[in-house]
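Computed from a predicted model, the values in this text were never measured in an experiment.
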Amino acid sequence: MLVHLQGSWSPALGRLCMKQLAFLHVPILEYTFAVVALLGLAAVGAVTYFGKWKYLWREWLTTVDHKRIGIMYIIIGLVMLLRGFADAVMIRLQQDMAIGPHSPGYMGAVHGYLTPFHIGQIFSAHGMIMIVFAATPLLVGLMNIIVPIQIGARDMAYPYLNALGLWLTGGGAALVMLSLFIGNFAHGGWYGFLPYFELPYSPGVGVDYWMWAFQLSAIGTSLGSINLIATIVKMRAPGMTWMRLPIFTWASLSTNLIALTSFPVLMVALALVGMDRYLGTHFYTAGMGGNLMLYNDLFWIWGHPEVYFLILPAFGIMSEIIPTFSEKTLFGYATMVIASFAIGGVSWGVWLHHFFTMAAAPSVNSFYSITTMLVGIPTGVKIFNWIFTMYRGRVRFELPMMWALLALSLLIVGGMTGMMNAFASNDYMWHNGIFVVAHFHMMVLVIASSIFGAVEYWFPKLFGFKLEQKWGKWFFWFMVLGTGFVFVPMFILGLAGMTRRLDYIPYTAWGPYLHLEMVGIGLYGAALLFFLAHLYVSLRDRESRRVGADAWGTGRSVEWMTHSPVPSYNFALIPHINARDEWAWRKDNGLTELHPGDYEPIHMPKNTGVPLVLGAFFFTLAFGLTWRIWWLTALSTAAIVIMIIVRSFDTDTDMTIPPNEVERTEKRRSDRASDFIATGVPPYAGGPVGTATAYQRLPEPAGGTGASSGGRL
Amino acid sequence: MSGHAANPLHHPEVSIANGKTYLANFVISVALMTVALLVVLSGMAPFDVFLVTTAIGGLTVIIQSYLILHTDTSRGQFWHTFSLLLFVPLFIVTIGLTAWMFHGLYQRTMIMPARSGASPMSLHTRAGTR
Amino acid sequence: MSAHSTAVDPKSASLWARHYPGHDVIGTRTFGFWLYMLTDAMVYAALFASLVVLSHASNMVGGPAPSEFINPRVAYEETIALFASVLTYGLAMVSLKKGSRRGVTGWILLSALLGLVYLGLSVADNVNLFQHGITPQTNGFLSAFFAIIIYHAVHIVVGVAWMLVMLLQIAKEGFSQNVVYRLINLRLFWHFQAVIWVFVFVFVYLQGVVL
Amino acid sequence: MKNSWKKVRHGATLLAVGALGLFLSGCSARGIYLMHPEGAISKTSFHYFLLDVGIMLLIIVPTTLLAIWATMRYRKGGHGAYQPQWSHSTAIEIVVWGIPLITVGVLSYLSVKAIYAVNPYNPEVIAKAEKKAGSTPLEVDVIATDWRWLFVYPQQHIATTNQLVVPRGIPVRFRLTSTSVVNDFIIPQLVGMIDVMPGMRTKQALIADHRGNYLGFSADYSGAGLSWMHFNTHVVGKRKFQAWVSSIQKTPQSLSYKGFNRFARPYIPVGQKTQPIFGHVKPGLFDFVVREVMRGKTWNTPMNMTENMVAYLKKQSKLQKEGYY
């Protein structure tokens with residue numbers, strides 16, 4: 001041990017001892033643990049009962065298929081979203097209960113039911129999980145799935161690295177979840193406060209958990225961004241020139257450029273925290289020549305671009321959904337691309353607005369105030385372009401479109417309040433206030449809405465059937481209501497001067513607003529139930545909602561040119577791209593033949609368990625470091641190095657799918673192809689409004705085996 | 001997928017290697033670094049040293065990235081060069097804006113440059129280290 | 001204006017890329033590795049930003065001024081060793097172009113040796129500083145100072161280890177596609193260290209003397 | 001020109017007030033502190049806030065209406081003409097880039113003006129008021145500990161805890177530092193936030209216009225006691241302020257450097273009725289604290305300190321009785 005620690009330490013178990021097993025003595029955690037343990041047992045039992053272990057291992061855990069990896073990213077994201085939501089409920093409940101000096105206290109708290117130590121962990125976990133382990137994996141997963149198909153590639157540039165990124169993110173998420181039961185989590189906000197996170201003020205393992213989980217996911221995400229950029233730059237199908245690139249791919253490129261450039265800075269910011277805590281250096285200490293503001297500087301150099309890392313794919317999703325459901329070309333394609341990159345570029349020069357109040361010179365604050373406002377220009381342009389995409393279109397209000405429109409309206413609110421925050425003198429009034437919280441939740445909800453829209457939109461592409469609409473609409477409307485009830489009072493409280501991260505609200509005047517927020521949380525809870533119903537009903541009735549390649553009938557880009565669900569090799573023959581919105585162009589010209597037979601052998605990477613095992617070792621490495629179990633740390637490091645070297649000697653990493661197998665797969669898929677494509681009715685052929693059937697629902701199949709094929713496919 | 005048939009040694013990334021440029025790079029770099037060292041040892045005014053060494057360092061880096069990292073506009077290297085150019089402003093922004101901000105911050109928030117030893121009451125110094 | 005950026009005649013358009021040769025594997029691999037190198041450069045940028053922030057007089061509490069302990073001559077010797085190693089690795093790549101297995105092996109061995117010389121000098125210098133009580137734990141400035149130097153040294157360790165692994169792979173596989181792209185990546189990695197070292201030498205050692 | 005600008009400003013303000021009125025109608029305005037500024041700084045901030053909101057609404061409201069109109073008119077089966085190939089119009093592009101550009105330009109100008117007007121180190125509004133009044137400002141040194149505010153009046157050699165008393169209409173200039181972690185100093189109705197950082201000294205200034213009690217608190221997360229780290233700001237008349245000062249000066253309790261080391265230990269002031277006051281404070285305490293922290297002094301917090309808050313408070317009051325604090 002290099003640094004003075006509070007509490008005991010032993011060579012075998014580090015700082016770990018019985019007392020640290022929080023689920024044994026904290027009442028809330030006892031129940032949580034019971035529930036989690038039951039769910040886990042149920043899952044294991046179900047897999048065993050159905051004999052799916054082999055399938056799970058062969059088809060999912062060891063896969064290098066970008067679509068499956070993307071799906072697993074999304075599953076991690078959804079699970080963590082649930083956990084983050086549970087945290088949010090707990091925070092809201094505490095703030096609803098602990099108002100005024102006369103409010104009662106329970107379970108060791110003076111007011112409400114959570115002590116400062118616990119609520120500190122909860123809001124830290126909420127922020128961290130929502131940003132790093134929910135929003136990021138969801139978007140990374142979507143990009144992983146869609147981008148290679150959109151550019152007409154068979155896979156990512158580095159399928160093996162892709163899987164490693166997934167398992168690193170998974171390891172980080174597992175570490176955060178583990179902190180619930182063993183030890184505790186950081187209790188000072190998701191982005192960390194220095195010097196509060198130094199050993200003298202945060203002596204427990206919470207900060208270490210936070211740091212290593214963050215670090216793992218950061219490594220995972222930057223590996224992913226390298227992969228995606230290389231894929232887009234190097235693996236586009238022939239004819240896919242830059243100005244024919246689908247807009248979501250453009251958005252993914254700009255967003256991954258942001259990740260590529262900014263994540264290293266986060267790693268440094270966190271590594272320096274680690275050195276302060278583990279080696280006793282003085283990067284961020286208040287004394288001994290450290291500078292605590294250096295942490296804020298480095299963190300937000302990453303942190304602000306990270307915000308756009310999340311929002312740009314959301315914009316990309318909206319730019320895909322809105323044209324499809326407006327049955328019209330995207331307005332101002334070039335402008336949209338420029339705006340995406342402008343947002344990405346400006347994001348690198350705005351970070352000081354996260355610490356406007358640190359007493360920087362007024363000239364400095366002026367500079368950052370202006371650069372921050374500059375972000376409003378490309379964002380405003382995007383909003384106008386979406387509106388003009390709908391203009392002269394035929395807007396269909398299906399679920400994806402509804403989510404996109406919700407995202408659009410939330411973006412207007414979030415954009416306006418963002419401009420208010422960028423105005424530095426306003427920010428002085430509410431810098432650490434609830435107003436800022438409400439603002440960025442608006443933006444995060446833009447992201448969430450787009451993600452839900454994207455899930456609705458691309459689900460049929462991946463699984464071959466559409467999600468049902470009734471429960472989905474209930475889900476949608478309860479999300480809208482919940483958002484109103486939670487965040488309108490929150491904005492008002494922001495103007496009231498309420499600040500963030502309070503365990504106890506001293507002013508009873510704020511009570512009514514907090515109660516209203518609790519109503520909103522109830523509505524969100526209901527929305528969650530509707531979401532589950534939505535999934536359940538969709539899965540149950542999947543046979544009746546099978547779709548063909550072009551699931552919505554008005555798809556425009558390349559991903560609608562292959563079967564739903566997409567075969568492992570994406571395209572039997574790599575498409576040759578002739579136009580922007582290739583599929584729309586083909587439909588316009590009656591070239592809807594999905595593939596003309598005449599198959600060729602396809603080279604694909606082989607499945608491998610190495611990334612999963614590496615991810616597991618990274619997890620044990622982080623766990624060992626967190627608890628300062630040095631032998632585990634050393635062992636894991638050695639295992640990682642050896643595995644990487646040994647794997648590099650493996651030459652048997654590829655396989656070839658012979659043409660007859662491709663043909664068999666294609667035949668099987670074509671059984672499910674939609675009549676629409678078979679009839680080959682081009683969407684715009686009719687000319688005048690109303691005569692062309694741009695969108696047709698599949699006829700309900702009689703025997704549940706899917707629609708009959710046109711035979712040609 | 002591809003290149004299985006092609007000889008990897010014929011790839012442009014391999015044939016880009018050039019003994020002459022590598023040797024030239026070595027000679028130029030060593031010479032420039034020697035000059036920089038001599039400038040420092042010459043006892044020039046600190047600010048001048050700062051300017052001159054920065055200039056020499058910048059020049060060396062540009063020469064090296066051209067000669068040994070092959071950042072040119074040839075077909076094989078175009079994307080390398082392009083992505084490097086994308087990063088350069090970010091390096092400048094990261095270091096430059098940070099320096100600017102903190103230069104002001106030190107002036108505004110530091111009472112005195114405390115150069116003296118650690119406080120006897122300090123818990124956070126070597127006393128607390130094992 | 002048309003919705004489609006270019007007007008390809010649909011009658012003669014080719015729709016499927018038959019006999020598509022696939023993408024350029026070596027080019028893709030090296031490009032991805034290059035991107036990784038750039039992120040590493042970003043790490044250095046962040047570390048240098050920390051050094052700039054932590055170079056104020058108030059960051060040197062309880063420790064000597066940099067001019068009192070920085071020895072630019074040792075750093076200069078390290079510079080020569082590293083640049084020579086970079087040169088020999090470059091010559092290994094020239095041998096690769098010719099397909100000479102012996103040439104590649106020999107030059108890489110020499111590069112690894114020179115890398116070890118660099119490491120020896122660096123370790124000796126730092127151990128000397130530690131023995132005089134000048135450690136990363138002393139104050140903020142020294143933390144940033146050592147962070148950069150040690151991080152660079154770690155890269156050299158990784159590079160040397162990688163060279164040894166590559167020697168084994170060349171012996172086992174010859175110049176297969178995998179070995180060749182790894183050799184190119186190692187060239188990028190190794191040559192990049194020289195570029196980074198210019199920054200370290202100039203901004204940490206040389207300018208530290210006059211700080 | 002100037003007149004029309006005033007008109008625009010007037011219109012914008014009206015619009016903003018109207019929108020806010022709608023926003024807040026039906027809800028009680030009690031407790032909406034930022035909307036009821038009572039000091040020179042907060043009033044200036046509020047003024048610029050209204051301008052900002054007004055100008056934003058001029059853009060946002062038409063955009064929203066346009067969006068609603070477009071979705072409704074061009075819905076499937078609606079009245080809009082369908083032109084699927086229409087995707088570009090240079091005129092529209094110029095307008096959609098132009099509008100945000102102009103707005104941002106105007107707002108940037110206003111923002112810079114506002115930053116200099118309320119710049120915490122030398123707010124133009126305070127400087128002007130000082131010049132006009134010709135009065136010397138009152139100096140207050142603010143030291144944030146875990147988790148109490150110590151207000152030292154160096155000119156009067158007194159100190160109070162979690163209680164700030166300032167005279168009405170006289171500029172008050174603060175120097176702020178912290179003992180352990182970063183706090184954020186705010187009195188919503190009087191002055192905005194400024195970071196209070198250990199080992200560093202920041203500044204802030206205010207003028208209070210009316211007598212009364214105003215809330216102040218720490219805004220940045222500083223640990224377990226944050227939620228209780230608030231203070232009362234009494235704004236009193238000049239004469240009453242003098243009387244208050246002399247009454248405090250009569251207090252026997254004094255604060256030495258050593259005493260401060262004890263005072264600065266982690267302490268959560270839950271439901272505390274009486275806060276420590278000091279009739280005499282050793283000069284230079286503020287500089288002493290800054291220097292100590294710079295040299296590495298820390299006031300550590302125990303592990304998992306409020307896992308059981310009730311038990312922690314019991315322990316705390318016991319230690320307090322023993323004179324630990």
Chain B contacts: which residues in residues 200-208 of chain C have a non-hydrogen atom closer than 4.5 Å to it? Phe201(C), Val202(C), Phe203(C), Leu206(C), Gln207(C)

For chain B, which residues from residues 151-164 of chain C have at least one heavy atom closer than 4.5 Å to it? none

Chain B contact via [X] - which portion, at a heavy-atom distance below 4.5 Å:
X: Thr79(C); answer: side chain
X: Val195(C); answer: both
X: Ala84(C); answer: both
X: Ser176(C); answer: backbone
X: Asn59(C); answer: side chain
X: Ala92(C); answer: neither
X: Val180(C); answer: side chain

Do Lys97(C) side-chain atoms and Ala17(B) backbone N/O form a donor-acceptor pair below 3.5 Å? yes

More than 12 non-hydrogen atoms from neighbouring residues, nucleotides or ligands closer than 6.0 Å to CZ on Arg18(C), yes or no? yes

More than 12 heavy atoms from other groups under 6.0 Å of OH on Tyr66(B): no

Which of the residues [options] is involved in the greatest number of heavy-atom pairs with chain C at under 4.5 angstrom?
options: Ile16(B), Thr21(B), Thr54(B), Leu23(B); value: Thr54(B)
options: His80(B), Glu13(B), Gln64(B); value: His80(B)
options: Asn25(B), Leu84(B), Ile63(B); value: Leu84(B)
options: Ile56(B), Val40(B), Ile95(B), Ile68(B); value: Ile68(B)
options: Ser83(B), Gly96(B), Gly57(B); value: Ser83(B)
options: Leu69(B), Thr60(B), Val49(B), Thr98(B); value: Leu69(B)

In terms of heavy-atom pairs under 4.5 Å, which option from Leu91(C), Leu96(C), Leu35(C) contacts chain B the most? Leu96(C)

Note: vs chain B, highest number of non-hydrogen pairs under 4.5 angstrom among Tyr20(C), Tyr181(C), Trp34(C) is Trp34(C)

Minimum heavy-atom separation for Val52(C) to Ala99(B), with atom names? CG1-CB, 3.6 Å

If you look at every heavy atom in Ile26(C) and Pro8(B), which pair is closest and at what distance? CD1-CB, 3.8 Å

Verify the distance criterion only: is there a donor paired with an acceptor across the side chains of Thr34(B) and Tyr76(C) at less than 3.5 Å? yes

Under 4.5 Å from any heavy atom of chain C - which part of [X]:
X: His11(B); answer: side chain
X: His10(B); answer: neither
X: Phe87(B); answer: side chain

May I have the step-by-step check of side-chain contact (heavy atoms from CB on, under 4.5 Å) for Val210(C) and Phe47(B), ending in yes or no? CA-CA 8 Å; Val210(C) 294; Phe47(B) 190 68; over 6 Å; no

What orientation do Phe31(C) and Trp79(B) show, parallel under 30°, tilted 30 to 60°, or perpendicular over 60°? perpendicular

Tyr22(B)-His191(C) aromatic ring centre distance below 6.0 Å: yes

